[in-house]
Amino acid sequence: MSMAEALRDAMRIAMQTDPTVFLLGEDIGVTGGFGGGFTVTLGLSDEFGHERVIDTPISEGAIVGAAVGAAMAGARPVAEMQYGDFVFCAMDQVVNQAAKMHYMSNGQVCVPLVLRLPVGASQRGAQHGQCTESFFTHTPGLKVVCPATPYDAKGMLLAAIRDDNPVIFLEHKLLYGGKGSRKESASVLFGTDVPTDDYEIPLGTVAVRREGTDVTIVANMLMVHRALSAAELLSEQGIEAEVIDVRSLVPLDIKTIEQSVQKTSRLLIVEEDHLTGGWGAEVSALTAERALHYLDAPILRVAAPDTPLPCAASLERVFVPSVERIVSTASSLFAP
Amino acid sequence: MSMAEALRDAMRIAMQTDPTVFLLGEDIGVTGGFGGGFTVTLGLSDEFGHERVIDTPISEGAIVGAAVGAAMAGARPVAEMQYGDFVFCAMDQVVNQAAKMHYMSNGQVCVPLVLRLPVGASQRGAQHGQCTESFFTHTPGLKVVCPATPYDAKGMLLAAIRDDNPVIFLEHKLLYGGKGSRKESASVLFGTDVPTDDYEIPLGTVAVRREGTDVTIVANMLMVHRALSAAELLSEQGIEAEVIDVRSLVPLDIKTIEQSVQKTSRLLIVEEDHLTGGWGAEVSALTAERALHYLDAPILRVAAPDTPLPCAASLERVFVPSVERIVSTASSLFAP
Amino acid sequence: MTIQETISTEWRLAAFRQMSLIRRYEEHLYLLFLQGLVPGTLHQCQGQEAVAVGICSTLRRDDLIYSTHRPVGHLIAKGASLKAITAEIWGKATGCVGGKGGQMHLADFSVGAMVSNAIVGANIPIATGSAMAFKLQGLDRVAVSFFGDGASNIGAFHEGLNLAAVQNAPVIFVCENNLYAASTRISSTTRITDIADRAQAYGMPGHSIDGMDVEAVYRSALEAVERARQGRGPTLLEYKTYRYRGHSRGDPCGYRGNDEHQSWIDRDPIERLRTRLVADLGVAVDRLATIEQECQREIEAAVEFALASPEPTAASCFEHVFA
Amino acid sequence: MTIQETISTEWRLAAFRQMSLIRRYEEHLYLLFLQGLVPGTLHQCQGQEAVAVGICSTLRRDDLIYSTHRPVGHLIAKGASLKAITAEIWGKATGCVGGKGGQMHLADFSVGAMVSNAIVGANIPIATGSAMAFKLQGLDRVAVSFFGDGASNIGAFHEGLNLAAVQNAPVIFVCENNLYAASTRISSTTRITDIADRAQAYGMPGHSIDGMDVEAVYRSALEAVERARQGRGPTLLEYKTYRYRGHSRGDPCGYRGNDEHQSWIDRDPIERLRTRLVADLGVAVDRLATIEQECQREIEAAVEFALASPEPTAASCFEHVFA
Ligand SMILES: Cc1ncc(C[n+]2csc(CCOP(=O)(O)OP(=O)(O)O)c2C)c(N)n1
Ligand SMILES: Cc1ncc(C[n+]2csc(CCOP(=O)(O)OP(=O)(O)O)c2C)c(N)n1
Ligand SMILES: [Mg+2]
Ligand SMILES: [Mg+2]
């Protein structure tokens, strides 16, 4: 299964097993349409009807607002922004409403919604490719997850839909692996077996994708794949990297990262989000607080620069962290 | 002059010296009204007319959007959100428009706007007191400043209005020092002489508020004052703290912080924003990258917890970092 | 109150009681505020009681209301615990949301009063979403969104009403047009006079109604609620009303005139109902006075309860971030 | 084109040239796209040329236009450099914004074409703000915001139009109603038929006009532009039109029928104008063919320029974050 298919499968199972689950977003259920911007919901309106796969007006604020209201009234909405960048049109509903209502009610209402955000640069320019993690990790009350494989995508989406909290669910466009005319040209190809049955991956866990002894590389989404490629190249240099996929940013399993750093004494964080104030800054700060004395080298971050996302492929390549940048930055941790 | 008066003075001078400067916001110019939520613009509509002190509908998105459009058409708008929390209603215009247009135009247009945001807890609950710095420090293209004194407030607002970039201008409610029925009950009182003439404080500078040799405390807005109080108490314990007021978060003068840390070997960051992903995480990460080997102790942060802001005074006291928390956390850096 | 087509004296007496309770509660708080005894902020609804009571009298307990920064009237009319909301205003552990909310964030989930919202207009799409969930679940419950004239200019109004209309959601949009958004007169923030006219932009029925007449409110609400309950979609109801006191604590109302103020007090909804009950329907003046005294006692007991209640624990600051 | 009340043959020939340039440019790109030669995304405007040309023909060079994700028509009609926009689509250093923008973000500041915006509706308050700045500075320039039917459902539409109305800002809101927002038909996202009717909600004039008739577009635009220039405020103009091709690259349009498609092609704005010129006004068929050939040559030169242009330098990624 591709990640797009895995996500679809998760939604299908969630809807089959719980009649209160429904989907809302733009172009997600139109007959003869796309199944959202990236084919993820294709066919679901045929299966579950337009009452449960709701094509909304272009009204991001109302999409999230309606999800908040539906969640507080006993449903489990899965809302989609066509591109993650449009969430800024709905930010009040995310930050001031969804995230806070459980607390503001003193625990008397829950807001079990999922907000799916396709993120990542894909040659569409500054308003169609931002990685927006850290706006949400900074907002108490939101869970924030970001799978890097189809297997995780399915299990985490099922867990997210069944979680009683608002969950921001980030999906990287180049990992969808969609088919046909809507496939992203720079897609990462990988095969993972995705079981067809109903399984959940508990939110709040990281996954150690590669074990190593010399440097800990923490990355998410597309960057996990680049970090793994980098690790192979580093290995040729005699550096064995441990690659940790932070598929859940909130809650964050900082313990596993800390333990890894205790072992490797070196930490490199890789993210596609902008450097300043990205989630990597928090991982660095937590490490500087908890594991400072284990470190043999500065904590470094490889991130997108503090510029808006440029469109041209040649510029995007400069912007998005590359395998080469990861390799050279990791190597620099071993400079005498 | 109180900070409210200092800000008003800055706007008055800016409007007198440049006919393209105008103000827009809710309740800012109504005759017989409040002068905004905190009296800052009181009287300016009498002086400059309702064409230059524009009372808008409750339309935060359009307030910022209109400011973006006006700025691109040769004016210098100063927009106000009545409370900083409402900026989430305008987040698309801030993040996707104001911040990016100069870059997206390849430098061909400028967006010289100021967005004034009253922030800080003041017993109004979760939707009326958030410190929102790090949403903006994470957005490339925005300058982000946050004065802690009336003198700085005036000089920085004048510099911000005359800057050719979008500037997010944070004002802490408890520092306004307003008078009469609209005064905040928990206001910090301090006297600073504010010259009546036209002066600017360059954006991008920090201010060392107290020199010390043992620990560097970096703080902003209300927390500068608490850090200074804490420093006095620490001094009684024999710990001399250097207190740095990061009145400008973007650009950030990390060099001065780094130099201080090289001297003190200890860093404590104090902010009213939530811990996870606050601007303090970035300062910590930068230090862990640039000055790790100078540190004798972990980098610690005193911040608001990762909870929404509660309303009751008794809870707010738990939420907002106190002098006591600063003192005890700073002391802990010297634990054997 | 029970739902009925012809308005009975009994209904009117109940409405009188609720409006009196709201008015007296708000005035009592105002007096305490003047003495410096009320913590936090304060947004009061004196003058607007008929809207809250007329609307809520048509609702079932399991219908949901979403209120605003000015929530007291709506909450009382929906049957919320007076003690719990009072304790909340005083930031006590016994408050309806444990002191976390404060005056702008009142709730009583046992009667369908959701946490009131202090982001202007935000409850409009939220109420729409609740209504969509009712429809999805095949329930005949309705949701009500209360908001002001000022709120009708924010994007959430537009998106929420349009979505509700296309979804045929069982929601009622109640716009209390008290002519001002804080200090700003409606005429300077929109060129139209009747907010109800905006309903056309969504293909939704919209009505502009006298908000100082509780019976008119009741009749219009009954129609809208039945319509929603029967699956015939949302309605925008605009009520012309007036807030007698300032926008929030310490607002001397320098932006509006005494004549205007007086002209609305002359149409006071409680006095109008009193006249109707006494002059037209022969209810004894004393009976109404007794009701008012009962209200006053309930209010005093609530304030006593609040003052005597404990502060929330420090630990509770950290509770309920996640479910 | 010069502004004039009676439409001359000369004006029509100029309009024919511009519409042909747009159509042929878009079709040329489409063919290159089919061959896999166009990088990035692609949103095309075949069928909608009359709106772009009719509107822009009433504007001065110093008037500003704010376009959308589908910008080519607007940009060409405003006189933007074809070479620079083509190079931008190919992500070249010579692109109108140095390769930073791409197909959705075209501009030509020398002719008042601001960076086109890919956040639906975002340019509505922005154009309003530019108009407010013109008013403040005592200038008689106007701003135009282009957007689609889908954009009329977003909050920014509501807030922007209302603000423009109360501010009496010299701005013209041009809604190109092509019946679809991406794959979603307008009838499933709003209950009204004419977006122009929403103007009433702001006390603003609104007109619904045939967008396949460039002369009708011109006349309606002229009135709105003059109105704005004279300080009499904004207008909402809705043009019924149709996009012949898919929403974006690789959209097979499975959500709409061939009959509908054909019925709009039958009203093609370019063919209508050709007929008018040839049959009614006696212009030689050849003259039009020559114009079209000239357009074609201009297009080919632009593509050649783009292909031959250098890539942006890596360093330019870091330039122009701050002024
Ligand atoms: C989005 C947002 N903008 C501004 C405010 C500040 N504010 C609170 S109440 C208010 C006026 C609201 O007017 P209206 O909607 O007419 O309600 P009323 O106060 O008259 O009941 C304003 C501007 C807010 N709470 N939320
Ligand atoms: C705020 C926002 N939401 C969604 C999108 C994705 N999107 C791009 S174009 C489009 C359809 C726009 O429809 P319409 O306004 O009718 O313009 P048209 O494409 O028909 O020209 C959508 C949903 C977007 N760019 N911005
Ligand atoms: Mg009002
Ligand atoms: Mg359209």
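FYI, side chains are in, hydrogens and waters are out, and symmetry mates aren't considered; it's all heavy atoms of this structure. Chain letters run A, B, ... following the sequence lines, proteins first, then strands; residues in each count from 1.
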Closest approach of Val250(B) to Leu142(B) (non-hydrogen atoms, all atoms of both residues): CG1-O, 3.2 Å
Check: Thr94(D)/Ser309(D) side-chain N/O donor and acceptor closer than 3.5 Å: yes
Top contributor to chain B contacts, counting heavy-atom pairs under 4.5 Å, from Ile119(D), Val166(D), Val115(D), Leu139(D): Ile119(D)
Test of ring centre spacing under 6.0 Å for His320(D) and Tyr103(B): no
Check: Lys92(D) and Phe305(D) side chains under 4.5 Å, non-hydrogen atoms: no
Proximity of residues 158-165 of chain B to chain D, residues having a non-hydrogen atom under 4.5 angstrom: Asp164(B), Asn165(B)
NZ/NE/NH1/NH2 to OD/OE distance under 4.0 Å, Asp62(D) and Arg60(D): yes
Contacts of residues 147-165 of chain D with chain B (heavy atom under 4.5 Å): Glu159(D), Gly160(D), Asn162(D), Leu163(D)
Pairs of heavy atoms under 4.5 Å with chain B: top-ranked of Ser130(D), Ala107(D), Gly98(D): Ser130(D)
Greatest number of heavy atom pairs closer than 4.5 Å to chain B - which of Ala122(D), Gly99(D), Gly101(D): Ala122(D)
Among the listed options Gly141(B), Gly61(B), Ala90(B), the residue most often paired with chain D at heavy-atom distances under 4.5 Å: Gly141(B)
Chain D contacts, top residue of Pro166(B), Pro57(B), Ala70(B) (heavy-atom pairs, under 4.5 Å): Ala70(B)
Between Asn123(D) and Ser145(D): side-chain donor-acceptor atoms closer than 3.5 Å: yes
Residue selection (most heavy-atom pairs with chain D, distance under 4.5 Å) from Cys110(B), Cys89(B), Ser105(B), Ala75(B): Ser105(B)
Candidate list His247(D), Gln103(D), Glu26(D), test side chain to side chain contact (heavy atoms under 4.5 Å, CB included), partner Arg70(D), passing option: His247(D)
Pair Tyr83(B) + Phe38(B): ring centers closer than 6.0 Å: yes
Reported CG-to-CZ distance for the pair Leu222(D) and Arg229(D), which is rounded to 0.5 angstrom: 9.5 Å
Partner of Val218(B) by side chain to side chain contact (heavy atoms under 4.5 Å, CB included), out of Asp245(B), Thr287(B), Ile257(B): Ile257(B)
Side chain to side chain, Arg116(B) and Met81(B), heavy atoms closer than 4.5 Å: no
Salt bridge flag under 4.0 Å for residues Asp63(D) and Arg141(D): no
Leading residue by heavy atom contact count with chain D [cutoff under 4.5 Å; candidates Ile54(B), Val111(B), Thr56(B)]: Ile54(B)
